Protein chains: 4
Amino acid sequence: MKDLNMKEICLNLLVSRGVELKDISEIVYDLQKKYVPDLDLKTCDDAIHRVLDKREVQNAILTGIELDVLAEKKLLSEPLQTLIDNDNPLYGIDEILVLSICNVYGTIGLTNFGYVDKMKPGIIGRLDEMGKKTDKCHTFLDDIIGAIAAAAASKIAHNAITK
Amino acid sequence: MKDLNMKEICLNLLVSRGVELKDISEIVYDLQKKYVPDLDLKTCDDAIHRVLDKREVQNAILTGIELDVLAEKKLLSEPLQTLIDNDNPLYGIDEILVLSICNVYGTIGLTNFGYVDKMKPGIIGRLDEMGKKTDKCHTFLDDIIGAIAAAAASKIAHNAITK
Amino acid sequence: MKDLNMKEICLNLLVSRGVELKDISEIVYDLQKKYVPDLDLKTCDDAIHRVLDKREVQNAILTGIELDVLAEKKLLSEPLQTLIDNDNPLYGIDEILVLSICNVYGTIGLTNFGYVDKMKPGIIGRLDEMGKKTDKCHTFLDDIIGAIAAAAASKIAHNAITK
Amino acid sequence: MKDLNMKEICLNLLVSRGVELKDISEIVYDLQKKYVPDLDLKTCDDAIHRVLDKREVQNAILTGIELDVLAEKKLLSEPLQTLIDNDNPLYGIDEILVLSICNVYGTIGLTNFGYVDKMKPGIIGRLDEMGKKTDKCHTFLDDIIGAIAAAAASKIAHNAITK
């Protein structure tokens with residue numbers, strides 16, 4: 001583990017939880033294709049990499065996924081164990097945690113995140129379903145993916161406007 | 001003016017800019033009917049009133065609409081005049097200003113706002129159109145309406161869950 | 001545990017980590033006595049109780065203290081274990097988590113928190129010292145206490161101004 | 001005006017309101033010298049320039065100073081005119097506006113801002129005094145300066161830690 005940098009650790013962690021970079025790219029593409037007609041998936045991948053370079057993003061990923069995994073293993077104390085394991089809608093800490101991801105490229109990230117969080121496109125909807133129907137816990141993971149996609153979409157929007 | 005309280009001043013200001021309480025209620029209803037099956041417009045009206053009781057909401061309304069009106073009258077200095085009058089997508093201060101409204105009932109407000117800001121339902125879409133096609137300036141107003149609706153929807157969600 | 005409400009659980013959890021209500025009251029008192037000449041500790045206690053009634057505050061307390069305790073027991077995965085156990089200044093998730101506490105009574109809470117976080121008065125300084133010199137981990141706890149004190153001070157400020 | 005870029009416009013605007021770059025540098029220096037022993041004013045100047053390069057910072061400066069100037073000229077509508085002209089402590093929009101400045105280099109900015117906002121070092125204290133005792137209005141300006149200094153201090157802190 002020592003030889004890996006933080007970004008690689010985060011990418012590996014996402015893969016271990018069932019999320020590939022291309023799953024996030026598809027969401028970014030859908031968010032921005034309307035505004036950037038010549039958008040391609042390579043540009044979306046690059047934007048996601050820039051988001052994952054940021055320290056605050058890496059720390060939010062590490063912390064959120066740790067809490068999901070601990071909840072899955074029933075290793076948290078009550079009443080936190082039940083709040084996270086059931087994805088209680090009044091818990092709210094999952095959304096707070098990912099604000100730091102949404103905001104890395106300014107406030108457009110927040111509106112993108114709100115939209116994605118409501119519509120649950122692609123992998124986000126699948127993670128949400130699995131979290132509800134299996135013994136997997138994705139309370140933090142779906143918000144983390146939505147926030148990474150939202151921030152990457154904001155990065156692309158900024159670049160498109162200032163070109 | 002002295003005899004009016006701040007909430008009445010804000011409601012009158014919204015009417016003077018073409019927004020009735022029922023326009024906002026319709027958005028709140030559409031946001032929450034999926035989650036609260038027995039929702040009615042009266043409950044939406046009440047939730048909007050609770051949001052408008054808050055000092056930080058009133059101050060955001062007064063400030064945002066003032067900037068819209070000054071931009072319409074070409075009374076702002078450049079380059080601010082052009083940034084606001086053209087609703088420049090990189091301006092971003094409109095979204096910052098209304099965060100204080102979205103957050104009065106917790107973080108659910110943010111995701112509701114993001115969704116509304118993207119979908120532009122009802123009066124929000126009409127204000128946005130008018131801002132682009134006429135000499136009206138609605139740079140702040142459409143975000144203010146979206147944020148009030150989002151906060152009111154969050155209030156209803158909290159009440160429904162804790163019932 | 002079932003018979004306890006969430007606020008009692010949080011108060012007990014704070015006591016188990018070495019923090020009594022009066023420790024927080026002293027910080028609130030010091031923050032506000034300059035602005036509210038007739039302030040007493042009873043008023044500070046009451047304001048802290050109002051802050052602890054809020055769901056988002058309770059959830060932040062439960063989550064932050066759980067992470068501190070897990071770090072103390074060396075039960076987190078690397079590199080998160082080291083980041084939290086060493087209170088790494090670039091970790092930042094502790095400050096993000098408590099923003100939800102600071103903001104329950106509006107933006108004054110944020111400036112109060114910033115001040116307390118820098119000055120580390122009373123129990124906050126003692127927790128910070130212990131976290132550095134013993135095998136205790138207080139990475140989240142000192143920020144949680146600072147945020148509760150900041151929010152309670154904001155509540156008192158609002159009441160004083162609108163009286 | 002056309003030939004000036006946005007950063008120059010902002011720097012000129014600050015000078016026209018009585019604030020030189022070196023006034024802000026002194027605050028940044030005082031905030032960080034404790035943590036970065038070999039800090040010099042040149043490094044502080046550079047960090048402030050990086051903050052002023054950011055679009056959201058420029059937009060917040062333009063908007064806040066415009067509102068101060070309009071209040072000074074009594075050109076705002078009531079009750080907003082009185083709220084801003086008297087720097088009413090419950091107004092709060094000044095602090096909301098500058099959150100976008102504080103956060104450009106992560107959450108450390110917020111605690112730095114809270115500290116500066118309470119202690120009012122150097123030019124910030126002088127602007128606050130002038131705002132209260134003369135017919136100048138500095139409701140937004142003192143928060144803008146505090147937020148620029150806080151963000152620049154955060155930039156220096158990040159660089160020092162990751163060196």
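Here the structure is a predicted model, which means the values were calculated and not measured.
The distance from the OH atom of D:Tyr115 to the OG1 atom of C:Thr111 is 14.0 Å, given to the nearest 0.5 Å. To the nearest 0.5 angstrom, C:Leu99 atom CG is 6.0 Å from D:Leu110 atom CG.
Contacts from residues 121-137 of chain C to chain D, taken as heavy-atom pairs separated by less than 4.5 Å, involve no residues at all.
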Would you mind writing out the side-chain donor-acceptor pairs for residues 26-34 of chain D within the sub-3.5 Å range, not counting sequence neighbours?
from, atom 1, to, atom 2, distance (Å)
D:Asp30, OD1, D:Lys33, NZ, 3.4

